[in-house]
Chemist: 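This is the structure, below, for whatever I ask next.
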Amino acid sequence: MKRRGLAFGLFRHAVLLAGAVVMLAPFVWMIATSFKPPHEIFAGELTLLPRQWYAAENYHQAFVKVPMLRYLVNGVIVTSAIFVLQVLVAVPCAYALAKLEFRGRALIFTLTLFGLLIPAHVPAIPLYIMLWQAGLLNTYAALVIPFTISVFGIFLMRQFFKAIPDELIHAARLDGLSEFAIVWRIMVPAAMPALVSFGIFSVVAHWNDYFWPLLVINSRELAPPPLGVAYFRNEEAGHDFGPLMAGAVIITAPLVVAFLFAQRRFIEGMTMAGLK
């Protein structure tokens, strides 16, 4: 039995290691390419580390040839605005679905689950027409408004709120707190792990979104990071891959750093959201 358990453990770790290699290989190659000069990038032989380090030149060109800093600022503005508005909508909705008794609650929750099945690309044309008629195309509002309601955020927060004892809410009501005060002063602090988890999902999804900004943004001054990389690629005609990979590293790095700092809360939120 010990040998069988040891063999299974080795097999499991081998599978996990192979999966990690497959997942990390593109990122490792992206970073390695950002360190190489052009003649090594297009060389016939396959090498990971550069013979001639060209990192300073590539990363300098990534900021010089395109307004990379502007793209990063746009990404911060858009993702922050989306997340704040999503929280303002999702938290009260999740509280109502988890802790309040009213007619039609089950139906609303069913429709919320149904909304999880609809891809974001399906309502793209109606949303585009609506924004065009409102005169909001090529603005920050066009990047933010369609995503202010997150059915995933409502579902995740609702699952976490279900795990909070009802006695805590009853005690808050006896102390004279209103329902809104209970939401923001009691439920939100208790649900901080779930809120961090949702924040990671939201920021990553909208920081990396390329499809929607490509539809509604024409000005390069408003481009978020993924669309900015596309502009960079077009300007370089696909030949100067060193600065292009450097730009991709710069855009990816904030997400990796944010996840490393928030990974404990992220795991807590995803674990506790499934308790009920």
Chemist: Looking at Q52 and P37, would you say the former's side chain and the latter's main chain have a donor-acceptor pair under 3.5 Å?
Modeler: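 Checking the backbone N and O of P37 against the side chain of Q52, no donor-acceptor pair under 3.5 Å is found.
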Chemist: M68 versus I251: any side-chain heavy-atom pair under 4.5 Å?
Modeler: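 SC-SC contact between M68 and I251 confirmed.
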Chemist: What residues, two or more places apart in sequence or in another chain, satisfy side chain to side chain donor-acceptor pair (under 3.5 Å) together with R173?
Modeler: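 For R173 the side chain to side chain donor-acceptor pair (under 3.5 Å) partners, ignoring immediate neighbours, are Y95, E179.
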Chemist: When Ile, Leu, Val, Met, Phe, Trp and Tyr are grouped by side-chain heavy atoms lying under 4.5 Å apart, directly or through other members, which residues fall in the same group as I129?
Modeler: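 Its cluster mates, by chain and number, are I125.
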Chemist: Hey, is the main chain of H60 close enough, under 3.5 Å, to the side chain of K65 for a donor-acceptor pair?
Modeler: no
Chemist: Can you tell me how far the CG atom of L244 sits from the OG1 atom of T33, to the nearest 0.5 Å?
Modeler: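 Reported value, rounded in 0.5 Å steps: 10.0 Å.
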Chemist: Apart from F11 itself, what residues make up its hydrophobic cluster, given side-chain heavy atom links below 4.5 Å?
Modeler: V15
Chemist: Is the backbone N or O of F198 less than 3.5 Å from a side-chain atom of S202, with the two atoms forming a donor-acceptor pair by type?
Modeler: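 Side chain of S202 to backbone of F198, a donor-acceptor pair under 3.5 Å: no, none is there.
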Chemist: State whether the number of non-hydrogen atoms from other residues, nucleotides or ligands found under 6.0 Å of F27 atom CZ is greater than 12.
Modeler: no
Chemist: Taking the hydrophobic residues Ile, Leu, Val, Met, Phe, Trp and Tyr, and joining any pair whose side-chain heavy atoms are under 4.5 Å apart, which ones share a cluster with I118?
Modeler: F114, L117, V122
Chemist: How many angstroms lie between OG in S80 and NE2 in H206, if you round to the nearest 0.5 Å?
Modeler: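 Output value for this atom pair is 11.5 Å.
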Chemist: Please determine whether side chain to side chain contact (heavy atoms under 4.5 Å, CB included) holds for the pair L48 and V28, giving the CA-CA distance in whole Å, both sets of side-chain angles, and the decisive distance to 0.1 Å.
Modeler: CA-CA 9 Å; L48 182 61; V28 173; 4.0 Å; yes
Chemist: Can you tell me if NE2 on H39 sees more than 12 non-hydrogen neighbours from other groups inside 6.0 Å?
Modeler: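 Enclosed.
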Chemist: Would you confirm whether S34, through its side chain, and I31, through its main-chain N or O, come within 3.5 Å as a donor-acceptor pair?
Modeler: yes
Chemist: Distance-only, no hydrogens or angles: does the E40 side chain make a donor-acceptor pair with backbone N or O of R51 under 3.5 Å?
Modeler: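 Yes, E40 side chain to R51 backbone: donor-acceptor pair under 3.5 Å.
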Chemist: Run the ring-centre check on F201 versus F152 and record whether the distance is less than 6.0 Å.
Modeler: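 Judged by ring-centre distance (under 6.0 Å), F201 and F152 do meet the cut-off.
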Chemist: Do V21 and L10 share a hydrophobic cluster, counting only Ile, Leu, Val, Met, Phe, Trp and Tyr and linking them when any side-chain heavy atoms are less than 4.5 Å apart?
Modeler: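 Result: no, two separate clusters.
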Chemist: Would you give the length of the straight line joining atom CZ of R103 to atom CD1 of I108, rounded to the nearest 0.5 angstrom?
Modeler: 12.0 Å
Chemist: Quick one: do Y59 and V249 satisfy side chain to side chain contact (heavy atoms under 4.5 Å, CB included)? Show the steps, please.
Modeler: CA-CA 9 Å; Y59 282 87; V249 171; 3.4 Å; yes
Chemist: Measure the CE-CD1 distance between M130 and I145 for me, rounded to the nearest 0.5 Å.
Modeler: 6.5 Å
Chemist: Other residues, nucleotides and ligands only: do more than 12 of their heavy atoms fall within 6.0 Å of CZ on F102?
Modeler: yes
Chemist: Does the side chain of I41 come within less than 4.5 Å of P50's, by heavy atoms?
Modeler: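 P50 vs I41: side chains apart.
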Chemist: Suppose we screen for ring-ring contact (aromatic ring centres under 6.0 Å, His included). Which residues come up paired with W184, at least two apart in sequence or across chains?
Modeler: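 W184: no ring-ring contact (aromatic ring centres under 6.0 Å, His included) contacts found.
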Chemist: When you measure from the side chain of D209 to the backbone of A205, do you find a donor-acceptor pair of N or O atoms at a distance under 3.5 Å?
Modeler: no
Chemist: Do V183 and I169 sit in one hydrophobic cluster, given that two such residues count as connected whenever their side-chain heavy atoms are within less than 4.5 Å of each other, even indirectly?
Modeler: yes
Chemist: Could you give the distance from NE2 (H121) to CG (L215), rounded to the nearest 0.5 Å?
Modeler: 9.0 Å
Chemist: Hey, does P224 have a side-chain heavy atom less than 4.5 Å from the side chain of Y71?
Modeler: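 Contact flag for Y71/P224 side chains = no.
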Chemist: Without swapping roles, check the side chain of N58 against the backbone of K36 for a donor-acceptor pair under 3.5 Å.
Modeler: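 Here the side-chain-to-backbone pair exists.
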Chemist: Between L195 and F160, does the side chain to side chain contact (heavy atoms under 4.5 Å, CB included) criterion hold? Intermediate values first, please.
Modeler: CA-CA 9 Å; L195 204 60; F160 196 95; over 6 Å; no
Chemist: Which residue in the set F241, Y54, W53 passes ring-ring contact (aromatic ring centres under 6.0 Å, His included) when paired with F35?
Modeler: W53
Chemist: Counting C-beta onward and ignoring hydrogens, is there a side-chain heavy-atom pair between V87 and F83 closer than 4.5 Å?
Modeler: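 Yes, close enough: below the 4.5 Å cut-off.
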Chemist: Do the side chains of V229 and Y210 join up, straight or via other hydrophobic residues, at under 4.5 Å, putting them in one cluster?
Modeler: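 Yes; tracing contacts between hydrophobic side chains, which count when under 4.5 Å, links both residues.
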Chemist: Could you note down all residue pairs passing side-chain hydrogen bond (donor to acceptor under 3.5 Å, both in side chains) where residues 132-148 supplies at least one of them, sequence neighbours left out?
Modeler: R70-Y140, N74-Y140
Chemist: Would you indicate whether the side-chain heavy atoms of Y128 and L137 approach each other to under 4.5 Å?
Modeler: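 Yes, side chains in contact.
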Chemist: Looking at side-chain heavy atoms only, is the closest gap between V91 and F161 below 4.5 Å?
Modeler: yes
Chemist: Heavy-atom distance under 4.5 Å between the side chains of C93 and V89, does that happen here?
Modeler: yes
Chemist: Calculate, to the nearest 0.5 Å, the distance between atoms CD1 and CD1 belonging to I149 and I82 respectively.
Modeler: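 Here the interatomic distance stands at 13.0 Å.
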Chemist: Check whether any side-chain heavy atom of D166 lies under 4.5 Å from a side-chain heavy atom of K99, and answer yes or no.
Modeler: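 They are in side-chain contact.
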Chemist: Hey, what's the ring geometry for F147 with W212, parallel, tilted or perpendicular (30° and 60° as the breaks)?
Modeler: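 Geometry flag for W212 against F147: perpendicular rings.
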